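Values in this document were obtained by computation on a predicted structure and should not be read as measured data.
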Number of protein chains: 2
Amino acid sequence: MADVAKLAGVSHQTVSRVLNGAPHVRPGTRERVLAAIRELDYRPNSAARALVTRRSQTLGVVSFDSTLYGPASMLDGIERAARTADYFVSVASLRSLDSRSVQEAVDRLLDQGVEGVVVIAPQISAVSALAKLSSSVPVVAVGSGSRSRMPMVSFDNRAGAEVATRHLLDLGHRTVHHLAGPAGWMESRDRQDGWRQTLEAGGARVPRVGSGDWSARSGYEAGLRIAHDPEVTAVFCANDHMALGLLRALHEAGRAIPGEISVIGFDDIPEAAYFTPPLTTVRQDFGELGRRALELLLEELVGVAHTRNHVQISPEMVLRRSAGPARRD
Amino acid sequence: MADVAKLAGVSHQTVSRVLNGAPHVRPGTRERVLAAIRELDYRPNSAARALVTRRSQTLGVVSFDSTLYGPASMLDGIERAARTADYFVSVASLRSLDSRSVQEAVDRLLDQGVEGVVVIAPQISAVSALAKLSSSVPVVAVGSGSRSRMPMVSFDNRAGAEVATRHLLDLGHRTVHHLAGPAGWMESRDRQDGWRQTLEAGGARVPRVGSGDWSARSGYEAGLRIAHDPEVTAVFCANDHMALGLLRALHEAGRAIPGEISVIGFDDIPEAAYFTPPLTTVRQDFGELGRRALELLLEELVGVAHTRNHVQISPEMVLRRSAGPARRD
DNA sequence: GAGTTGTTTGTTAACGCTAACATCTACGCT
DNA sequence: AGCGTAGATGTTAGCGTTAACAAACAACTC
């Protein structure tokens, strides 16, 4: 910076002024400084700036399995939003979701000097870990739906489950089976609750729930178990991947979809439209979720009075061909 | 830090010494300092440290569409590897893949003071942008396969295409059609080259290639076009998503798979095993790829003599049910 | 023309840390 | 005892930036 100042014939402070767009710099001077900067290919040192301003311009994201479509999309949305707000994004992905790991990841980020943290951690344990995390910086959770006091943005999983279940009931199915996600996940719980409530409200019998681990494999295994159960005419799966596995198992067992069994998923992953048959599902806009999370974090950062601590986004049903009317026999 | 020093009754330099594990600190003193650190919940300021050491402990990753399974997995692999090497990772995702965007993203990262950059940028234009990028820090490209001088790690896409094509030929198919990826991508080009060479080596006719944009939708559209072409008995798709769309279109047209048409994909995404039918494909271990890229970057960072500038990983064929023997009629 | 105001620039002092050197102790050797 | 040596600690000076203040100058006002 001293070099630039010398070349432009001004003091280093004036250089700093043009860099930061401070007022009261004569246009001619500004030009000379800019020219010197280009000439020397000068880049301000962010560490020095961070040291004196006490702002790192960096936000942290801790993510669980960023290989999955949901987390990856949220991360993407967060990054995009952060960039437009002129922040950098540093990621820390978790190996496992116990509260120690979450703590550790947040610590790591804090050590780096992030100004705020977004946690993509849908497990109940993770959120409770966060709740007791006395962080020096704002933290917002995303993708979960707990009732904790922590700021968070999530989908209305319950409402999503309701429309899916209702849709099936309206199609004439006597009841709807449910393939839930793994225990401990907020999404699993809320979707299951929504499903159950809808069944009860509709006066339908509530069958035993199966559960998987979100993977297609686990959906397949569940499918094997129910394929020959004549009771089952409609299944609401907690996510599309499991629905895919279920479809596969049903297909192998020779069951017609939706002729004999209707299936609805959750997420609307890009592939869902090309399953056999194309999957009726509940769409979540993960990118939007990430964006909103960052928005909320930014608000906390500037200390806006808590307008709204929880943001909920409504899911939207996508009708395709895997769900149809119940057979009248 | 001064507070810690005072509490422990030592100088700030001694605190620095225990923080950095410097030798010549009496165990008793170290204990007192550690206790003071815990007591005050002190965290070293990374900006100050970066300023004086000139090392940010941060690596940058620029990624194209981190929503896709491949990039997301690589990012994940990179992050994990970076963490074990005690680096932070900062991400910048691109909107588009023109050379200006790449330039911009790398600049952004550089402004932040990263010590090195991994670019997940499979487009030819991106790599050529990198080549002329005179960066002050090491850069490695990943997932591509150009012949440029830039350090990079990639899959041997050509070899992958060869085994897939050969497999189909060995199954008795007179020739193999190809559904290529979009123009401008290194993966598209290399896979297509591998396919073509194998056909030529086997004395088979080289049919016209179709091409998609990696999406299931584009695969579906291509499928619609070839579904009624009796010439087509085997298709090698440049990725699994397009294969999924193709499968769908073929299914709708009533073509039996693999009875009438065999299909092979590329990537082995987690869902591939549950397609209808389960997809024979070529597996890429994206996580491994990311890890290796980081390894290479780390080597550059410590200035190891260029042992090997290009790392290539061999893909592996995964046999499932979508490819079978040609009908003898 | 002296005082007042506003614009433009420069000077100095941090920010929190580590590197380099300086100092002080304890110990062993002759 | 005197000296050298190594270990343990302290002191000082930066790293590159911005904040706060100071100074110089121009343009007004009355």
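Side chains of B/Ser56 and B/Phe88 form no contact here, defined as non-hydrogen atoms less than 4.5 Å apart.
Atom CZ in B/Arg26 sits about 12 Å away from atom P in C/dT25, given to the nearest Å. Here the P atom of nucleotide C/dT5 and the NE2 atom of A/His24 are 16 Å apart, to the nearest Å. Straight-line distance from the NZ atom of A/Lys6 to the P atom of C/dG10: 14 Å, rounded to whole Å. Distance, B/Arg49 CZ to C/dC15 C1': 16 Å, rounded to whole Å. Atom NE2 of B/His12 and atom C1' of D/dG10 are 8 Å apart (whole Å). Taking atom CG on A/Leu19 and atom P on D/dA19, their separation rounds to 12 Å, with Å as the unit. Atom-to-atom, CD of B/Gln13 to P of D/dG10 comes out at 10 Å; the value is rounded to the nearest Å. With rounding to whole Å, B/Arg17 atom CZ is found 13 Å from C/dC17 atom C1'.
Remark on the helix from C/dG1-D/dC30 to C/dT30-D/dA1: inter-end axis angle 50°, axes from five-pair C1' superpositions, rounded to 10°.
Taking only side-chain nitrogens and oxygens, A/Asn20 comes nearer than 4.0 Å to OP1 or OP2 of D/dT18. Distances shorter than 4.0 Å separate some side-chain N or O of A/Arg54 from OP1 or OP2 on C/dG16. For C/dC17, the OP1/OP2 oxygens have no side-chain nitrogen or oxygen of B/Ser16 closer than 4.0 Å. Side-chain nitrogen and oxygen atoms of B/Thr29 include at least one within less than 4.0 Å of the OP1 or OP2 phosphate oxygen of D/dT9. Side-chain N/O atoms of A/Thr14 include none lying less than 4.0 angstrom from OP1 or OP2 on C/dT9.
Mapping B/Val52 and B/Ser11 onto DNA chain D via the closest heavy atom, the residue that lands nearer the 5' end is B/Ser11.
Side chains of A/Asp156 and A/Ser314: no donor on one and acceptor on the other come within 3.5 Å.
Note on B/Glu104 versus B/Arg100: salt bridge recorded, some NZ/NE/NH1/NH2 to OD/OE distance being below 4.0 Å. A/Glu295 and A/Arg291 are not joined by a salt bridge, as no carboxylate oxygen comes within less than 4.0 angstrom of a charged side-chain nitrogen.
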Residue pair B/Thr29, B/Val18: steps toward the side chain to side chain contact (heavy atoms under 4.5 Å, CB included) verdict:
CA-CA 9 Å; B/Thr29 320; B/Val18 334; over 6 Å; no
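The minimum heavy-atom distance linking A/Gly116 with A/Val137 is given by the pair CA-CG2, 4.0 Å.
Closest to the side chain of A/Met1, out of C/dT9, D/dT18, C/dC17, is D/dT18.
Heavy atoms of B/Pro44 sit under 4.0 angstrom from primed sugar atoms or phosphate atoms, though from no base atom.
Between the side chain of B/Arg17 and the backbone N or O of B/Ala22 there is no donor-acceptor pair closer than 3.5 Å.
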